[in-house]
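Heads up: the structure comes next, in structure tokens.
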Amino acid sequence: MNVGYLYLAIAIAAEVVATSALKASEGFTKAGPTLIVAAGYGVAFYFLSLVLKSVPVGVAYAIWSGVGIVLIATIGWLFMKQSLDAGAIAGIALIVAGVIVIQLFSKSAAH
């Protein structure tokens with residue numbers, strides 16, 4: 001396995017934690033959640049920069065943003081009681097399909 005994908009997983013996890021804390025930061029007026037947001041995005045971008053040493057930027061960003069969107073939408077639905085209508089679910093399914101297509105069929109993806 002390419003170590004870039006381990007770094008990508010760390011970048012995605014950090015971004016998801018940071019984005020999840022955004023709502024709790026209440027416009028950066030709450031210190032604790034604001035620190036989580038800043039640290040999470042700092043870690044996310046640091047590891048994303050490491051990913052780019054071995055994975056093409058377009059592929060890395062597509063996976064990072066796509067997986068992040070799916071995870072954030074799921075967290076919003078499960079923990080923040082945000083609803084997902086049929087259009088949102090279809091869009092999320094297409095994002096997942098896109099990430100799978102990149103991994104299975106793209107010669108640009110680092111394997």
Side-chain angles (χ1 to χ4, degrees):
M1 179 175 148
N2 181 335
V3 72
Y5 285 104
L6 172 62
Y7 293 155
L8 186 56
I10 294 168
I12 291 167
E15 184 265 335
V16 167
V17 168
T19 302
S20 297
L22 271 174
K23 183 173 176 74
S25 77
E26 295 184 17
F28 299 125
T29 61
K30 303 273 184 168
T34 297
L35 290 173
I36 292 170
V37 171
Y41 283 129
V43 169
F45 283 113
Y46 172 73
F47 278 95
L48 188 59
S49 75
L50 297 179
V51 170
L52 299 181
K53 292 180 178 183
S54 60
V55 179
V57 68
V59 171
Y61 191 74
I63 295 169
W64 181 66
S65 60
V67 172
I69 289 167
V70 171
L71 291 174
I72 290 298
T74 303
I75 288 168
W77 176 65
L78 290 174
F79 300 107
M80 299 175 188
K81 305 302 180 209
Q82 297 172 350
S83 64
L84 295 173
D85 60 14
I89 292 169
I92 290 169
L94 289 169
I95 291 168
V96 170
V99 170
I100 291 170
V101 167
I102 289 170
Q103 286 303 303
L104 293 179
F105 301 109
S106 174
K107 290 182 180 24
S108 295
H111 293 285

Looking only at side-chain N and O atoms, does T19 offer a donor or acceptor that is under 3.5 Å from a partner on Y41? yes

Are V51 and V57 connected in a single hydrophobic cluster, I mean Ile/Leu/Val/Met/Phe/Trp/Tyr linked by side-chain heavy atoms less than 4.5 Å apart? no

Same cluster or not: F45 versus L35, using hydrophobic residues (I, L, V, M, F, W, Y) connected whenever any side-chain heavy atoms lie under 4.5 Å apart? no

I36 to A21 - nearest heavy-atom pair and separation: CG2-CB, 3.6 Å

Partner residues of I12 under the side-chain contact (heavy atoms from CB on, under 4.5 Å) criterion, sequence neighbours left out: L8, V16, I63, W64, V67, L71

For residues G40 and A14, report the shortest heavy-atom separation together with the two atoms involved. O-CB, 3.4 Å

K30: side-chain contact (heavy atoms from CB on, under 4.5 Å) partners, not counting sequence neighbours: E26, P33

Audit row: F105, I100, side-chain contact (heavy atoms from CB on, under 4.5 Å) steps and yes/no: CA-CA 8 Å; F105 301 109; I100 291 170; 6.0 Å; no

Atom of A62, atom of V99 and distance for their closest heavy-atom approach: O-CG2, 4.3 Å

Would you compute the distance between atom OG1 of T74 and atom CE of M80 and round it to the nearest 0.5 angstrom? 11.5 Å

How many angstroms lie between atom CD1 of I72 and atom CG of L22, to the nearest 0.5 angstrom? 8.5 Å

Side chains of F47 and E15: does their closest heavy-atom pair fall under 4.5 Å? no

Does L84 belong to the same Ile/Leu/Val/Met/Phe/Trp/Tyr cluster as L94, with side-chain heavy atoms less than 4.5 Å apart forming each link? no

Shortest non-hydrogen pair, A60 vs L52, comes out as CB-CD2, 3.7 Å

Would V17 end up clustered with V43 when hydrophobic side chains under 4.5 Å apart are linked, directly or stepwise? no

Contact check, side chains of S106 and V101, non-hydrogen atoms, under 4.5 Å: no

Measure across G4 and S54 and return the closest heavy-atom pair with its distance rounded to 0.1 Å. CA-OG, 3.5 Å

For the residue pair V55 and Y7, establish whether any side-chain heavy-atom pair is separated by less than 4.5 Å. no

Any chain of hydrophobic side-chain contacts (each under 4.5 Å) joining I10 to Y61? yes

Separation between OG of S65 and CD1 of I95, rounded to the nearest 0.5 Å: 8.0 Å

